[in-house]
Amino acid sequence: MSEMGEEKSELSNAERLWRIRHSASHVLATAVLEVFPEAKLAIGPPIENGFYYDFDLPRALTPDDLEDIEARMAKHVKANDAFETWTSSVDEAIAYFEQRDQPYKIELIRDLAAAGETEVRFYKNGPFVDLCAGPHAPRTGACKAFKLLKVAGAYWRGDSDRPMLQRVYGTAWKNKTDLAAHLELLEEAKKRDHRKLARELDLFSFQKISPGAVFWHPKGWTIYSELKRMSLELHKANGYVEICNPLIYSKSLFETSGHWDHYNEHMFKLESEGETFCVKPMNCPDTMMFYKRRKHSYRELPLRVAEFQTLHRNELSGALNGVFRVRQFTQDDSHIFCTEEQIEQEIGNVVSMIDHVYGLFDLTYQVKLSTRPADFMGEPALWDRAEAALASALTAHGLEYRVNEGDGAFYGPKIDFDVLDSLGRKWQCATIQLDFQLPRRFELAYTAADNEAKTPIVVHRALFGSLERFIGILVEHVAGAFPTWLAPVQAIFLPINDACAAACHDAARVLLDAGLRVEVDDRSEKLGYKIREAELAKVPHMLVVGAKELEAGTFALRTYQGGDQGSVTLDELRALLLKKVETREFDVTLKKIEWSTEDDDEQVEHGSAY
RNA sequence: GCCGGCGUAGCUCAGUCGGUAGAGCAGCGCAUUCGUAAUGCGCAGGUCACCGGUUCAAGUCCGGUCGCCGGCUCCA
């Protein structure tokens, strides 16, 4: 008892939660086995904010089943059974699960044995015994604050060639208050879903006639255009040139690049006069052609070439997701042709640009450095030097990053920047990828100082990643209330009666001429109604004009969710708005959604927890 | 693509046992000229996603297709 108490006090909060969640997954399996004694168990690990367990069941689970299972789980939690643990030999363990007809468990044990384990660990709570490395909470009573959330399909061992199992997801916390807070967070998060906000704010839509492609409405397109303009400005200031190449190419281009062999099923193809053409899924192959059009001197390097062209990728229908995962999109893409010596400085410059862009929106990101995979191409020594250059550029910018060993592309190591959406899902946005292969495949060269032909290195990189995905992230990040420089309508005049309308139109004209996006709501509605609509449209600045203002020649400024800000003159107003636009001020009061700050690293340490 | 769920007016949603479709908001018209989050009255709006089947009769039951949502896989 005292031992247990000591153990408890030494554990970090995160570790305790981790054990509660892991234990909850066992309690879930306990309940599922009651309902389906013939259930085949796969794995049931803790995850961020909760847990899941994968089952092979005779039929699909219904919401009613979940309720029933949840009620049974509550009984096992109330019973407060102790988690007991022991080890047994591989053979005994296999015999145990053979007797119970649990093929997935047997496969796991065989893999452990193949990895050199001679003993495996078991955990038992009440009637339920599972293969498990642990650790667990002392008793099932620790799982008192849980809720089952959803059931989804998941391939056994994540392999699309293996059986599809049913995965039950749940969330678990140390007490009911935390659970309630988390459920409330989920509700809040749903409200800022970019698909919902896009409809409410009339930014963009999707239509059945072109799945996975965005129909941009005037307001959404304004945001898109402003972002693109900002990005281009930044690129030009950083020594990039911009090109624009075709969308459609003979398949021979992709045979040269390797896409025809490795990316075929993702490309849209067309036939014309017996020849096969492909709609480009990436900008790299045609940018190689741009480089190749003539000879280059080492003096031209690094050569930074931007191309923001439209791309098409035939993504699996089930993978499409709002604006986060589409079939047609545009990257703020560039390719840097450079020498090996220039890599570190170039990467450093790109990291600065990324940091600048994300800083404009107070967006936080997670950095991953992916290193040489098993099936790499090129010389190991070059890989080592390149990986070191990437790491050093990240360190120089004070960025914390995680190393994903062996997760690089076969053609080079890369740095990925992940951003979370409103539901806490990670989406890759910015990316920096070194490429040793493409220049070889396209036989690119530059003439070095010694008059020898050398092969340049290519850096693929994007800041936003795709404009579409980034805008989706942004919509959710600011909950639809954009900073003034991006707001589709930056200011709206609200005349109180018809007599004030003319002054509003005159003032609006002045601001429009200054390049601002301004509207006048001169409908015969009451002020409260107009304010309500402007607030719902999340217009950052509202200018109320009545008899008082007409006489004083001023405007009563009201800001989005900020209330009455007092009177301003037209000159003051114009200066205020222009300053915000020119400095791209992030004038948004964020109510951030804070998902768990646990790092995945912590989860990886318990990787054997099934 | 796979597993599960869903698809009724522009949006959010009702629609009982199978008996021929309803509300609020938005839209349109008229009235109202109003001081910081919803003025009133009226009108219009539907191949119930699509195709097929069962039935005297289908929004409702069955099958297929498409799309969307949550996951898995894959990726920006």
Side-chain angles (χ1 to χ4, degrees), chain A residues 52 54 56-57 59-63 149-169 190 193 195-196 199-200 202 205-212 263 265-266 281-282 311 313-327 329-333 409 416-419 423 425-431 433 460-470 472-473 494-501 522-537 542-549 556-565:
Chain A
Y52 68 78
D54 286 348
D56 195 345
L57 301 173
R59 64 169 174 82
L61 291 170
T62 65
L149 296 176
K150 58 197 173 192
V151 51
Y155 297 111
W156 167 233
R157 308 207 110 175
D159 184 342
S160 55
D161 293 326
R162 315 245 8 219
M164 176 65 72
L165 308 171
Q166 295 189 67
R167 176 171 297 176
V168 178
Y169 282 96
K190 274 188 205 159
D193 186 311
R195 294 162 299 204
K196 181 176 158 68
R199 192 168 46 239
E200 290 170 358
D202 200 18
S205 61
F206 291 92
Q207 306 205 28
K208 239 175 160 172
I209 44 166
S210 187
Y263 207 72
E265 69 279 16
H266 291 293
M282 301 171 180
L311 306 175
R313 297 183 186 175
N314 197 2
E315 301 292 345
L316 294 173
S317 58
L320 300 179
N321 188 305
V323 95
F324 288 150
R325 189 70 176 277
V326 286
R327 290 196 174 128
F329 61 102
T330 301
Q331 298 176 320
D332 59 337
D333 199 12
D416 290 323
F417 296 75
D418 289 339
V419 183
L423 293 174
R425 298 176 296 200
K426 266 183 213 169
W427 296 93
Q428 188 184 314
C429 290
T431 184
Q433 307 183 2
H460 310 254
R461 32 105 306 157
L463 273 32
F464 294 136
S466 91
L467 269 297
E468 285 77 2
R469 177 175 290 181
F470 190 82
I473 291 284
L494 309 176
I496 283 177
N497 56 45
D498 289 350
C500 310
D522 57 5
R523 294 174 302 173
S524 59
E525 298 288 352
K526 285 159 69 171
L527 179 63
Y529 183 83
K530 295 181 183 182
I531 284 175
R532 176 182 153 78
E533 296 226 323
E535 286 279 344
L536 289 174
M542 288 154 264
L543 290 315
V544 174
V545 180
K548 263 190 292 180
E549 285 71 23
L557 174 65
R558 177 191 167 104
T559 56
Y560 172 69
Q561 289 189 344
D564 194 344
Q565 305 289 310

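- Residue A/Glu265 is classed as having no contact, given no heavy-atom separation below 4.0 Å to the nucleic acid.
- Atom P of B/C62 sits at a distance of 23 Å from the matching atom of B/G67, rounded to the whole Å.
- Across all strands, A/Asp416 comes closer than 4.0 Å to no nucleic acid atom at all (heavy-atom distances).
- With sequence neighbours left out, the salt bridge (Lys or Arg N to Asp or Glu O under 4.0 Å) criterion links A/Glu525 to no other residue.
- Note that CD of A/Gln331 and SG of A/Cys429 are 11.0 Å apart. Values are rounded to the nearest 0.5 Å.
- Of the two residues contacting RNA chain B, namely A/Tyr529 and A/Met164, the nearest-nucleotide position lying further toward the 5' end is that of A/Met164.
- Helical stems of RNA chain B (runs of at least 3 Watson-Crick or G-U pairs, donor-acceptor distances under 3.5 Å) are listed by first residue: B:1-7 with B:66-72, B:10-13 with B:22-25, B:27-31 with B:39-43, B:49-53 with B:61-65.
- A/Gln565 places a side-chain N or O within 3.5 Å of a backbone atom of A/Gly563 that can act as its donor or acceptor partner.
- Rounded to the nearest Å, the gap between the C1' atom of B/G45 and that of B/A23 is 14 Å.
- Considering CZ of A/Arg313 and CZ of A/Arg325, their distance stands at 9.0 Å, rounded to 0.5 Å.
- The 5' end of RNA chain B is approached more closely, in terms of each residue's nearest nucleotide, by A/Ile496 than by the other of A/Phe417 and A/Ile496.
- Comparing B/C17 with B/A44, their C1' atoms sit 34 Å apart, to the nearest whole Å.
- Heavy atoms of A/Ala534 sit nowhere under 4.0 angstrom from any nucleic acid atom.
- Comparing B/A9 with B/A26, their C1' atoms are spaced 11 Å from each other, to the whole Å.
- Taking A/Arg327 as the reference, nothing meets the salt bridge (Lys or Arg N to Asp or Glu O under 4.0 Å) condition, with sequence neighbours excluded.
- Scanning for ring-ring contact (aromatic ring centres under 6.0 Å, His included) contacts around A/Tyr169 gives A/Tyr52, with sequence neighbours left out.
- Using a 4.0 Å heavy-atom distance criterion, A/Glu315 is classed as a base contact.
- Within the nucleic acid shown, A/Arg558 comes within 4.0 Å of at least one base atom, counting heavy atoms only.
- In this structure, A/Lys208 reaches the bases: a heavy-atom distance under 4.0 Å links it to at least one base atom across the strands shown.
- Residues forming a salt bridge (Lys or Arg N to Asp or Glu O under 4.0 Å) with A/Asp418 (at least two apart in sequence, or on another chain): A/Lys368.
- Between B/U55 and B/G71, the two P atoms lie 43 Å apart (nearest whole Å).
- A/Arg195 comes within 4.0 angstrom of the backbone, heavy atoms only, and of no base.
- Residue contacts for A/Tyr169: at a heavy-atom cut-off of 4.0 Å it reaches the sugar-phosphate backbone alone, with no base atom in range.
- Rounded to a whole angstrom, the distance from the C1' atom of B/U47 to that of B/U8 is 12 Å.
- Shown here are the salt bridge (Lys or Arg N to Asp or Glu O under 4.0 Å) partners of A/Lys548, two or more places apart in sequence or in another chain: there are none.
- With sequence neighbours excluded, no residue forms a side chain to side chain contact (heavy atoms under 4.5 Å, CB included) with A/Glu265.
- Residue contacts shown for A/Ala462 are absent, as no nucleic acid heavy atom lies under 4.0 Å away.
- Residues A/Glu535 and A/Tyr560 are in side-chain contact: their nearest non-hydrogen atoms beyond the backbone lie under 4.5 Å apart.
- When the side chain to side chain contact (heavy atoms under 4.5 Å, CB included) test is applied to A/Leu316, the partners found at least two apart in sequence or on another chain are A/Ala319.
- Comparing B/A49 with B/C41, their P atoms sit 33 Å apart, to the nearest whole Å.
- Here chain A contacts RNA chain B (any atom closer than 4.0 Å to a heavy atom, that is under 4.0 Å), and the contacts span B/G1 to B/A76 from 5' to 3'.
- A/Phe329 comes within 4.0 angstrom of a nucleotide base, judged by non-hydrogen atoms across all strands.
- Nucleic acid contact class of A/Ala547 (heavy atoms, under 4.0 Å, all strands): base.
- In this structure, A/Arg327 reaches neither bases nor backbone, as no heavy-atom distance under 4.0 Å exists between it and the strands shown.
- Taking the C1' atom of each, B/G22 and B/G59 are spaced 12 Å apart, rounded to whole Å.
- A/Leu320 comes within 4.0 angstrom of sugar-phosphate atoms only, judged by non-hydrogen atoms across all strands, and of no base.
- The residue A/Glu200 sits apart from the nucleic acid: no heavy atom pair falls under 4.0 Å.
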